[in-house]
> 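This structure is in structure tokens; I'll ask about it shortly.
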Amino acid sequence: MCGIFGITDNKDASKLAYVGLFTLQHRGQESAGIVTELGGKLLHHTSMGLVSEVFTKDALESLKGRSAIGHIRYSTTGSSHLKNAQPLVLDSYLGQVAVAHNGNITNADKLKAGLQKNGAIFQSTSDTEVILHLAAKYRGRELEDTLAKNLPKLEGAYSFLFMAPGKVIGARDPSGFRPLVLGKMGKSFILASETCAIDVAGGRTIREIEPGEMVIIEGGKALFRRFAPAKEFTRCIFEQVYFARPDSVVAGRTVQTARYEIGAALARELKGLKADIVSGVPDSGTVYAHGFSKESWIPFQTVFMRNHYTGRSFIQPDQRLREFTAHLKLAPIRDVIKGKTIILIDDSLVRGTTSRKIVKSLKKAGAKKIIMAIASPPIISPCFYGIDTPNKDELIANKLAVEKIRGFIGADELHYLGLESLVHACGDQKDRSFCTSCFTGKYKAAL
Ligand code: 5GP
Ligand code: MG
């Protein structure tokens, strides 16, 4: 997963891009970058690490210009390397063009092979660069004409931000897998992966970019243009389950509200369960547990203290330090745990390694019984659209039945939420069209 943020017509463009990316940091911690435009030239700073590590005050001040686009990366396609950090900047017949991408282009390898046969030389191993090479080859008069011609050749998931001298363009794939929202702040337009970034930057959200739609921001105006007919909206349900920040609005609902209701729905599905307390695996599991507690009347208690300062650059531990590092991030609060039957809620179970560690830690702290309840169905199929669950063999629910998974994680009981309850709680009345392929193995769009 990745996060993107862009802003136009603002004297503090690079600083606001920093604020936007900082707010979207939960979407990727591997690399960060910002591109600004000054007098027709694109200025560029990208590096590996967190937003706060990548941009010093000096680096931000050197990014002069009134427009900016930025990116934070969580690698799914292409290796974890600086050359894959975004935004990518390339010289083209239209001058310099920069691109920032969230998603996964499923036919990138095929397109790349065709382009290379015709002489294209790729700078990165990421799937994103393909669109720039296509744009260089099949040209239109303006960048937006070129994009309208070439975006339909891409398959899979993409929310893009492009920057060329004088303009910023946002585009969303015809299925709308990945989010992209438009906001306004005074004369400035903002494009962002999530509404929380628009809020924190001080703007207000106007609307989502529609599937198959482009927005061209130029000369202080936003122009909307369709490059493909909208297919059925199939936005990724995992945004609601795990990725999006709780204060963002997705599919007409604040994520916090959706997760609270999902927690309540889980309590209804598991009616009759007896326990002393209900708790969540921090941070993402907590709000589900609050919803569960409200519905079941079982009191909520915090069982883990989360340390928010562990960061990304933590040195990989050796065997001797394993236990210590597990507690470094989540430390059990013994007094709350000892002798209790605990319903423990997490948003999802992917490989099962997190749950296994957590159950072990609670048992060691004296828990009597652990009832693990997952706020989504078993993940049985890989995501080809940008979530990092690429390998079927790594998905525990693809290999083992629920009872076997329970045994693996060491819990006394294991329960999952039904898909229908999840979908119902995620969308508003009008819009419940989600991609649920990780739970069903059914892929609506072409791979
Ligand atoms: P597991 O140990 O079962 O593989 O991981 C489940 C945990 O990972 C859950 O606590 C969930 O919040 C978290 N999770 C789910 N999806 C992702 C993801 O794409 N990236 C990361 N880093 N964590 C995830
Ligand atoms: Mg988690």
Side-chain angles (χ1 to χ4, degrees), residues 1-3 24-31 50 72-77 80 102-104 157 177-179 193 236-246 255 259 262-263 266 279-289 302-308 310-312 314 322 325-326 328-331 344-362 370 372-400 402 404-411 414-417 422 435-439:
M1 194 51 53
C2 297
L24 295 172
Q25 187 80 78
H26 58 282
R27 300 183 66 86
Q29 293 94 44
E30 195 176 283
S31 69
L50 298 171
I72 40 171
R73 177 173 161 86
Y74 179 127
S75 74
T76 45
T77 305
S80 173
N102 174 203
N104 186 35
F177 283 110
R178 296 288 146 227
S193 295
C236 168
I237 202 160
F238 217 69
E239 291 277 343
Q240 293 272 31
V241 169
Y242 172 75
F243 256 100
R245 225 171 77 147
V255 173
R259 289 184 187 165
I262 293 167
L266 188 59
S279 195
V281 181
D283 287 321
S284 54
T286 304
V287 53
Y288 295 107
T302 300
V303 295
F304 282 113
M305 194 62 234
R306 161 121 192 224
N307 189 320
H308 284 268
T310 48
R312 210 189 58 89
F314 191 74
R322 278 260 156 84
T325 51
L328 200 63
K329 190 173 167 194
L330 290 180
L344 186 69
I345 304 189
D346 205 354
D347 59 281
S348 58
L349 204 146
V350 185
R351 294 169 181 86
T353 46
T354 307
S355 302
R356 187 183 166 99
K357 274 189 214 143
I358 278 166
V359 171
K360 197 171 161 197
S361 163
L362 288 174
I370 303 296
M372 193 80 198
I374 307 296
S376 56
I379 298 176
I380 55 161
S381 221
C383 178
F384 299 107
Y385 308 122
I387 301 275
D388 187 21
T389 51
N391 189 343
K392 225 174 156 150
D393 293 338
E394 291 173 40
L395 302 170
I396 193 164
N398 175 55
K399 291 186 296 192
L400 303 179
V402 174
K404 285 262 165 63
I405 301 172
R406 183 203 63 71
F408 175 79
I409 66 173
L414 171 64
H415 305 277
Y416 286 94
L417 181 72
L422 177 65
C435 174
T436 55
S437 55
C438 53
F439 304 127

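Counting starts at 1 for both ligands and their atoms, following the listed order.
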> Mind checking what makes side-chain contact (heavy atoms from CB on, under 4.5 Å) contact with T354, not counting sequence neighbours?
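T354 satisfies side-chain contact (heavy atoms from CB on, under 4.5 Å) with I358 only.
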> Do side-chain atoms of E239 reach the backbone of Y242 as a donor and acceptor pair under 3.5 angstrom?
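Flag not set: sc E239 to bb Y242 has no pair under 3.5 Å.
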> Relative to Y74, does R27 satisfy both conditions: NZ or CZ under 6.0 angstrom from the six-membered ring centre, and within 45 degrees of the ring's axis?
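Negative - R27 is either too far from the ring of Y74 or too far off its axis.
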> What pairs with V303 under side-chain contact (heavy atoms from CB on, under 4.5 Å), at least two apart in sequence or on another chain?
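For V303 the side-chain contact (heavy atoms from CB on, under 4.5 Å) partners, ignoring immediate neighbours, are I277, S279, V336, I337, I342, L344, L362.
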> Got a donor-acceptor contact below 3.5 angstrom from the R259 side chain to the Y288 backbone?
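Between the backbone of Y288 and the side chain of R259 there is no qualifying donor-acceptor contact (under 3.5 Å).
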> Sequence neighbours excluded, which residues qualify as side-chain contact (heavy atoms from CB on, under 4.5 Å) partners of T436?
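For T436 the side-chain contact (heavy atoms from CB on, under 4.5 Å) partners, ignoring immediate neighbours, are I237, L419, V423, F434, F439, T440.
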> Compile the protein residues with any heavy atom at a distance under 4.0 Å from an atom of ligand 1; present them by chain, then by number.
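Those residues closer than 4.0 Å to ligand 1 by some heavy atom are Y74, F238, Y242, F243, S284, D346, D347, S348, L349, V350, R351, G352, T353, T354.
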